Amino acid sequence: MITVNFPDGATRDYSDGTTGTAVVEGISKSLAKKTVAMRVNGELADLSDPLTDGVALEFVLRDDPSALELIRHDAAHVLAEAVQEIWPQTQVTIGPVIENGFYYDFARDEPFSEDDLRQIEKKMTQIIQRGARFTKEIWDRDEAKRVFKAKGEHYKIELIDAIPLDQDLKIYKQGQWFDLCRGPHMRTVRDVGNAFKLTKVAGAYWRGDAKNAVLSRIYGTAFASKAELAAHLHMLAEAEKRDHRKIGRELDLFHFQEEAQGSVFWHPKGFVIYNQIEAYIRRRLNDAGYREVKTPQLLDHKLWQQSGHWEKFRASMFVVPDEVPSTDDDQPVLSGTANLLALKPMNCPAHVQIFKQGIKSYRDLPIRMAEFGCCHRNEAHGALHGLMRVRQMTQDDAHIFCRTDQVTDETKKFCDLLDRVYADFGFSDVSILLATRPELRTGDDETWDLAEKSLEEALRATGRDFAINEGEGAFYGPKLEFNLKDAIGRSWQCGTLQLDFGTPERLDASYIAEDGSRQRPVMLHRAVLGTLERFIGILIENHAGRMPIWLAPVQVVVATIVSEADEAALALVDKLRAAGLRAEPDLRNEKINYKVREHSVQKVPVIAVLGKREAEEGTVSVRRLGAEGSVSVTVDELVKELVGEATPPDLDI
RNA sequence: GCUGCUGUAGCUCAGUGGUAGAGCACUCCCUUGGUAAGGGAGAGGCCGUGAGUUCGAUUCUCCCCAGCAGCACCA
């Protein structure tokens, strides 16, 4: 006899070995029909599992949010079955659920094409309609390896060997087809439903390791209902429309070209945004007690050796020989024997050099040293992506040199600064990850223990929620990653705070403590926006190109209807400019419809229209981006209104 | 860097084994027109680079380069 506890507080007794299926069928037929799985003590489980005494049982209905991962996982199995039914020679590997769907990696000589996806989808639909029941079996390891070997499934054998010996080896069958899987699954493949779609094909490394073979990955997504699938596909389409590379070209903000891959050519309009953001953050940093510096681009490789970058980061550095290139065309340009310099990939070692000038007292700390440092990193070609991933970048970087007892306070202050800045840019949803020691790192484990503990304690002291991001820290210390959620629900890592005991040690930075001893300062590496390039990319996508007026490259266009209004229009532009606004006239020989359309497409926030009537009366007809109608105001009212609106948020009183 | 796909006018894209087309943008002309495209004319391309197959290649094949997607890496 076993006792089962239900969410409503009820308890019921069943005979030993009773399954979830039996329980739900005993409660109600209609509930049983909708139930696809269960939670036993909070853990998702197969409905067909026998229950044990004293468990807390909840049923998972197909349209519960927690059923989504089951739908997707089952869809991945159906995908694998479909592929093997069409191409029996294909080996299956793994097929997990991911944030917005699932994928399955296959080993196959010929990669899949987009056309194959439609064919596979059809086959999946057939399989789902066949409605095979999922059944679970526990297999003996050797037996399992024999079976998979006989099927030519070599990757599965590797997977079996990776499963700890104390764990059962579970096989899930769906009709004739079966797969090694930890489960759980729903009742039948029919529970997958019809709201699924295969979205793309790609190569992916076996076990995510670049040293391994490349597999063919098929991505897909699945939802409980067609409507949710449609909404998701709509979001993807929306993301494509907002692509900052496309908008950057359309709005004439920046461009890239072959000769400078990964580096941005900022056009005048784009650079307005860049400069506005830099000026804004400079004011914010100044208010928060930072002092700005500027350090060299090129530094001797000896310094990078000392800092640890030469050993741990060299593959991402641009190394430059310190010699005069040969001007003889018959000779090699470089001798290959010169001393080596490197373009800085980070500002930290240079900041330590400034710190080390003169003797620092404990009274001087914390020192908050900021730099809009232009850094170069030799990113892999395949990593480059518009403004989001570039080779030349400018961070809103700063290093805080402080005592260990100041770490918590500095962390709090930094978080406060982040909140203000993100709010000013309209981001309200911020999540935090604590990234711990990576495999490739400098410093001993005791130092890492201390660093991770200190950073975590400091973060806890701010009272913020966070999650752990295992193994993703910087090579010199653990870091906090601040992720912003954008207007269409995507998450972007922007801010970072990294705690570093090692660099001051390696570069021999010290201060004189209260007792007269020499002490190492702690270094906090931190950025709020991350890199300006990437942050601007995020802003463009967040706003779909419609920048807030304080950032808009052109804030107002003064467009005329008839040439008799030209003079008044130019006078208005002068007035707006004198008030500090970015205003442009449009006196072209075009109809007002044409002008309005063009400036709307260009996302100009305000169009001030001047016809004969307005020119005579000293008024303007004001049309806002996205609004249908227009409002008539006097010239002075317009100037006053726009000055108020266009003031950067930190200067707004 | 790895796998796959792509590379034709400033942009978005057609197209063909016999050296090319559209729309928008651009220039000029007509039009002075009240809030998302007025009309007409014109100019603009070594069809990514190099090699091969061929009488002939932008088209087929290969190398390289770049871009895109994903992976790996990462701000």
Side-chain angles (χ1 to χ4, degrees), chain A residues 103 105 108 110-114 199-219 240 243 245-246 249-250 252 255-259 261-262 313 315-316 345-346 375 377-391 393-397 435 438 440 472 474 479 481-483 492-496 498 525 527-535 537-538 559-566 587-602 607-614 621-632:
Chain A
Y103 66 80
D105 284 346
R108 189 181 181 228
E110 203 183 324
F112 297 103
S113 71
E114 298 283 336
T199 48
K200 56 195 164 198
V201 293
Y205 300 111
W206 166 236
R207 302 196 145 172
D209 189 330
K211 288 194 276 294
N212 290 341
V214 174
L215 306 170
S216 289
R217 176 171 295 179
I218 295 179
Y219 282 93
E240 203 177 316
D243 189 319
R245 294 166 299 184
K246 181 169 164 275
R249 189 167 48 235
E250 287 167 356
D252 194 19
H255 85 269
F256 292 91
Q257 65 186 52
E258 275 191 38
E259 292 80 357
Q261 37 182 291
F313 207 74
S316 300
M346 300 182 192
C375 293
R377 295 184 192 171
N378 197 348
E379 301 288 351
H381 287 77
L384 301 176
H385 181 89
L387 295 176
M388 301 302 190
R389 198 70 184 276
V390 291
R391 284 182 163 169
M393 72 210 80
T394 304
Q395 293 169 293
D396 62 326
D397 193 22
L440 189 69
E472 297 293 325
K479 66 178 176 186
E481 300 171 346
F482 296 85
N483 295 284
W492 304 95
Q493 194 204 310
C494 292
T496 179
Q498 303 162 7
H525 307 240
V528 180
L529 306 179
T531 72
L532 290 178
E533 289 82 1
R534 183 178 144 86
F535 191 73
I538 294 167
T560 51
I561 295 171
V562 291
S563 49
E564 288 156 285
D566 286 2
L587 313 182
R588 291 174 304 170
N589 175 15
E590 297 291 351
K591 290 200 169 183
I592 193 61
N593 286 331
Y594 184 91
K595 294 184 184 183
V596 165
R597 176 183 152 78
E598 192 169 284
H599 301 304
S600 299
V601 166
Q602 285 292 307
I607 304 173
V609 176
L610 284 171
K612 196 173 171 190
R613 192 168 68 234
E614 287 82 359
S621 169
V622 180
R623 184 189 167 106
R624 302 275 171 163
L625 181 59
E628 298 236 323
S630 56
V631 181
S632 183

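These numbers come from the heavy atoms of this one structure, side chains and all, not from hydrogens, waters or symmetry mates. These numbers come from a predicted model, not from an experiment. Order of the sequence lines sets the chain letters (A, B, ...), proteins ahead of strands, with each chain counted from 1.
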For this session: Give a yes or no on this: more than 12 heavy atoms of other residues, nucleotides or ligands lie within 6.0 Å of atom NZ of A:K246.
Result: yes
Can you tell me if [X] touches the phosphate of [N], counting only side-chain N or O atoms and a distance under 4.0 Å to OP1 or OP2?
X: A:R249; N: B:U12; answer: yes
X: A:H385; N: B:A69; answer: yes
X: A:Q395; N: B:A75; answer: no

Distances for protein N/O vs nucleotides 2-8 of chain B N/O pairs under 3.5 angstrom?
| residue | atom | partner | partner atom | Å |
| --- | --- | --- | --- | --- |
| B:C2 | O4' | A:Y205 | OH | 3.2 |
| B:C2 | N1 | A:Y205 | OH | 3.4 |
| B:C2 | O2 | A:Y205 | OH | 3.3 |

Exercise. Is A:K479 touching bases, backbone alone, or none of the nucleic acid, heavy atoms closer than 4.0 Å?
Worked result: sugar-phosphate
Exercise. A:E564 near the nucleic acid: base, sugar-phosphate alone, or nothing, with a heavy-atom cut-off under 4.0 Å?
Worked result: nothing
Regarding [N], can its base be found pairing with the side chain of [X] as donor and acceptor, where the two atoms are less than 3.5 Å apart?
X: A:Q257; N: B:G67; value: no
X: A:E250; N: B:A25; value: no
X: A:R597; N: B:A37; value: yes
X: A:R389; N: B:C74; value: yes
X: A:R623; N: B:A36; value: yes

State which of [options] makes the closest approach to the side chain of [X].
X: A:Y594; options: B:C26, B:G34, B:U32; value: B:C26
X: A:S621; options: B:U35, B:G38, B:G34; value: B:U35
X: A:K591; options: B:G38, B:A75, B:G34; value: B:G38
X: A:E472; options: B:G34, B:C74, B:G70; value: B:C74

Exercise. Got a sec, which residues hit side chain to side chain contact (heavy atoms under 4.5 Å, CB included) with A:I561, two or more places apart in sequence or on another chain?
Worked result: A:I592, A:V609
For this session: Determine yes or no for a side-chain-to-main-chain donor-acceptor pair under 3.5 angstrom, with A:S316 supplying the side chain and A:R377 the backbone.
Result: no
For this session: Ignoring hydrogens and angles, tell me if any N or O in the side chain of A:T560 forms a donor-acceptor pair with the backbone of A:S563 under 3.5 Å.
Result: no
Exercise. What integer number of Å spans the C1' atoms of B:A14 and B:U8?
Worked result: 10 Å
Exercise. Can you list the stems that include RNA chain B, where a stem is three or more consecutive Watson-Crick or G-U pairs with distances under 3.5 Å?
Worked result: B:1-7 with B:65-71, B:10-13 with B:21-24, B:26-30 with B:38-42, B:50-52 with B:60-62
Problem set entry | Length of the line joining A:R588:CZ and B:U32:P, which is rounded to integer Å | 18 Å
